[in-house]
Structure formats: C-alpha cells, structure tokens
Undergrad: 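Got a structure here, written out as structure tokens. Questions coming.
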Amino acid sequence: MHWEDQLPTLESERVSLRWLTEADRDDLFAVFSDPEVMQHWSSAAWTEAAEASSYIASIHEYFGSKELFQFGICLKESNTIVGTCTLSDVDFTQKRAEAGIILGRPSWGMGLGTESLEILLAWAFKELGLMRIEADIDPNNPRSLALFEKQGFQREGLLRERWRVHGEVQDTVFLGLLVREWKGRS
Ligand SMILES: CC(C)(COP(=O)(O)OP(=O)(O)OC[C@H]1O[C@@H](n2cnc3c(N)ncnc32)[C@H](O)[C@@H]1OP(=O)(O)O)[C@@H](O)C(=O)NCCC(=O)NCCS
C-alpha cells in the first residue's frame with residue numbers, strides 16, 4: 001500500500017473518491033441530515049453540524065486501524081462532497097470487506113452511485129487484493145438493491161430483524177460479490 005497516511009484519490013469521469021477533511025463538514029451535514037436519505041441507514045439523521053465533525057474524526061480514527069476506508073464522493077464539476085462510499089469490516093486475512101454508499105437526494109438517479117461503486121470495487125479487488133465484497137441492505141430499499149445487483153452482487157440470504165433503526169425493526173438482504181464474478185475484472 002502506498003497510502004499509509006490517508007486514502008488515495010480515485011478518479012472517474014464525473015466523480016473522485018477522496019479523503020474527507022473538516023472543510024467538508026457542511027457538505028457532509030447536508031447529506032446525513034436529510035431524513036429521506038437516512039431512511040434505510042443504520043443510524044438517525046443528524047440534527048447538528050457538530051455531528052459531521054465528530055463523524056469525520058471517527059473516519060480518520062478507523063482509517064488508522066485499516067479496517068474502514070470511507071471516501072468522500074466529490075462531484076468534480078462543483079468540487080462538492082455529495083456523499084460517501086465505504087469499505088468497512090476490511091479483513092485482509094479473509095480477503096473480504098463490506099461496501100456501503102450514501103448520496104445526497106439531489107444526486108440520486110443520475111448514475112453517480114453506479115460510477116462511485118465501480119471505482120470502489122476496482123480499488124478493493126485490484127489494489128487491496130480482496131476477493132469478496134459484501135453488502136447489507138434493507139429489503140425496502142429498491143434503489144440500493146438495484147445499484148448493487150447491477151454490479152453483479154448476488155442475494156445470499158435474508159437476515160431477520162437485524163437492525164433497530166428509527167424505532168423500527170428491519171431485516172437485511174445480505175449480498176455478496178466474488179472477484180471472479182466481478183464484471184470489471186478483465
Ligand atoms: C442507494 C443510492 C446510493 C443509489 O444511488 P443512485 O446514484 O441513485 O444510483 P444510480 O443512479 O446509479 O442507479 C442505480 C440503479 O438503481 C435503479 N433505480 C434508480 N431509481 C430507482 C427507483 N426509484 N426504484 C428502484 N430502482 C431504482 C436503477 O436500476 C439504476 O440502474 P440504471 O442506471 O441501470 O437505471 C442512493 O439512492 C442513496 O444514497 N440512498 C440513500 C442511502 C442508502 O440507502 N444507501 C444504501 C445503503 S447500503
């Protein structure tokens with residue numbers, strides 16, 4: 001790995017995945033404070049900007065342990081952070097991790113999720129040498145299921161009553177993508 005101090009910047013046509021800093025606090029707050037965006041997330045919508053600052057600090061802290069790699073999704077056109085794209089539970093021994101993504105509401109439906117996930121998967125498989133990426137998705141989140149299935153993720157099981165969020169008990173659709181099934185492998 002040639003990026004011991006902070007994450008590298010990963011580029012595609014419209015977005016770059018990059019290291020988040022305190023300067024991104026307001027952009028991040030706009031994403032994570034929207035109840036519609038947070039509807040299927042595993043924690044409640046933020047109400048105070050200070051939550052963004054402590055979130056950025058925790059991203060940096062977990063990066064230090066090399067178990068969580070959370071990139072900001074930066075829209076090149078405007079140089080704004082419109083979401084985050086993450087590998088969590090990174091296990092180099094087992095060569096696997098879990099992928100997650102969140103985008104602010106104005107950025108939905110334009111293929112930005114697809115573009116971001118494609119870069120993340122390429123980095124995970126090619127650069128990190130992982131062989132399996134997992135996803136844990138609310139069955140009532142068709143956008144997210146479609147996004148991951150379009151990348152070749154397969155449904156591997158339904159985990160019942162796995163989350164308690166927003167006062168509700170939620171199941172999980174657990175998906176997996178093996179490197180040999182990944183469409184970007186060639
Ligand atoms: C999930 C999320 C990242 C999707 O991002 P996005 O940029 O809208 O996704 P894309 O535009 O790349 O669309 C991906 C696919 O979703 C599908 N899709 C889009 N809108 C949809 C809708 N309303 N219902 C069902 N499927 C839909 C399409 O099949 C699309 O594929 P296509 O490009 O071939 O048409 C975004 O909706 C989001 O941030 N949601 C809130 C946070 C969240 O729930 N994250 C997932 C937790 S793992």
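Start at 1 and go down the list; that is how both ligands and their atoms are numbered. Values reported hereafter were calculated over all heavy atoms of this structure, with side chains retained and with hydrogens, waters and symmetry mates removed.
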Undergrad: Angle class for the F71/W123 ring planes (parallel below 30°, perpendicular above 60°, tilted otherwise)?
TA: perpendicular
Undergrad: Taking E77 first and then R14, would you say they form a salt bridge - that is, a charged N and a carboxylate O separated by under 4.0 Å?
TA: no
Undergrad: Of G109, A99, A146, which has the heavy atom at the shortest distance from atom 6 (P) of ligand 1?
TA: G109
Undergrad: Report the nearest protein non-hydrogen atom to atom 42 (C) of ligand 1: residue, atom name, distance rounded to 0.1 Å.
TA: V37 O, 3.6 Å
Undergrad: Taking CZ in F174 as the centre, count heavy atoms belonging to other residues, nucleotides or ligands within less than 6.0 Å. Is the count above 12?
TA: yes
Undergrad: Could you check atom 40 (N) of ligand 1 against the protein and tell me its nearest heavy-atom contact, residue, atom and distance included?
TA: W108 CZ2, 3.3 Å
Undergrad: Please list, in number order, the atoms of ligand 1 under 4.0 Å from a heavy atom of G111.
TA: 10 (P), 11 (O), 12 (O)
Undergrad: Does an N or O from G113, backbone or side chain, lie closer than 3.5 Å to an N or O of ligand 1?
TA: yes
Undergrad: In terms of residue, atom name and distance, what is the protein heavy atom nearest to atom 33 (O) of ligand 1?
TA: K150 NZ, 2.8 Å
Undergrad: Can you confirm, on distance only, whether ligand 1 has an N/O atom lying under 3.5 Å from any N/O atom belonging to N141?
TA: yes
Undergrad: Ignoring angles and geometry beyond distance, decide whether F148 reaches within less than 3.5 Å of ligand 1 through its nitrogen or oxygen atoms.
TA: no
Undergrad: Which protein non-hydrogen atom lies closest to atom 5 (O) of ligand 1, naming both residue and atom, and how far is it?
TA: L103 CD1, 3.6 Å
Undergrad: For F63, which of K66, H60, E67 qualifies under side-chain contact (heavy atoms from CB on, under 4.5 Å)?
TA: K66
Undergrad: Any idea which part of Q39 is under 4.0 Å from ligand 1, heavy-atom wise: side chain, backbone, both or neither?
TA: neither
Undergrad: When the ring planes of W182 and F125 are compared, do they come out parallel, tilted or perpendicular, using 30° and 60° as the limits?
TA: tilted
Undergrad: Do I101 and S116 come within less than 4.5 Å of each other through their side chains, counting heavy atoms only?
TA: yes
Undergrad: Select the closest option to atom 2 (C) of ligand 1 among I73, L145, L147, judged by heavy-atom distance.
TA: L147
Undergrad: Is it true that D24 and R18 have a side-chain N and a carboxylate O under 4.0 angstrom from each other?
TA: yes
Undergrad: Check ligand 1 against M110 and write out every atom of the ligand that is under 4.0 Å from a heavy-atom position of the residue.
TA: 11 (O)
Undergrad: Tell me: protein heavy atom nearest atom 25 (C) of ligand 1, and distance?
TA: P142 CB, 3.8 Å
Undergrad: Which atom names give the shortest non-hydrogen contact between I81 and D27, and what distance separates them?
TA: N-OD2, 3.0 Å
Undergrad: Would you call R155-E149 a salt bridge at under 4.0 Å N-O?
TA: yes
Undergrad: In the complex you have, is atom 44 (O) of ligand 1 within reach of the protein, judged by whether a heavy-atom distance drops under 4.0 Å?
TA: yes
Undergrad: Do the non-hydrogen side-chain atoms of F92 and K95 ever get within less than 4.5 Å of each other?
TA: no
Undergrad: Based purely on interatomic distance, does I101 place a nitrogen or oxygen under 3.5 Å from a nitrogen or oxygen of ligand 1?
TA: yes
Undergrad: Count the heavy atoms of every other residue, nucleotide or ligand shown that sit under 6.0 Å from CE of M131, and state whether that count exceeds 12.
TA: no
Undergrad: If you measure every N or O of W41 against every N or O of ligand 1, does any of those distances drop under 3.5 Å?
TA: no
Undergrad: Can you pull out the closest protein heavy atom to atom 14 (C) of ligand 1? Residue, atom name and distance to 0.1 Å, please.
TA: T114 OG1, 3.8 Å
Undergrad: Quick one: closest heavy-atom pair of I56 and T21, and the distance?
TA: CD1-O, 3.5 Å
Undergrad: Can you name the atoms of ligand 1, numbered from 1 with element, that are less than 4.0 Å from a heavy atom of I102?
TA: 39 (O), 42 (C)
Undergrad: Do the non-hydrogen side-chain atoms of L87 and L128 ever get within less than 4.5 Å of each other?
TA: yes
Undergrad: Identify the closest protein heavy atom to atom 48 (S) of ligand 1: which residue and atom is it, and at what distance?
TA: S144 OG, 3.8 Å
Undergrad: L112 heavy atoms, cut-off 4.0 Å: which ligand 1 atoms fall inside?
TA: 7 (O)
Undergrad: Please report whether ligand 1 has a polar contact with R143, defined as an N or O pair separated by less than 3.5 Å (distance criterion only).
TA: yes
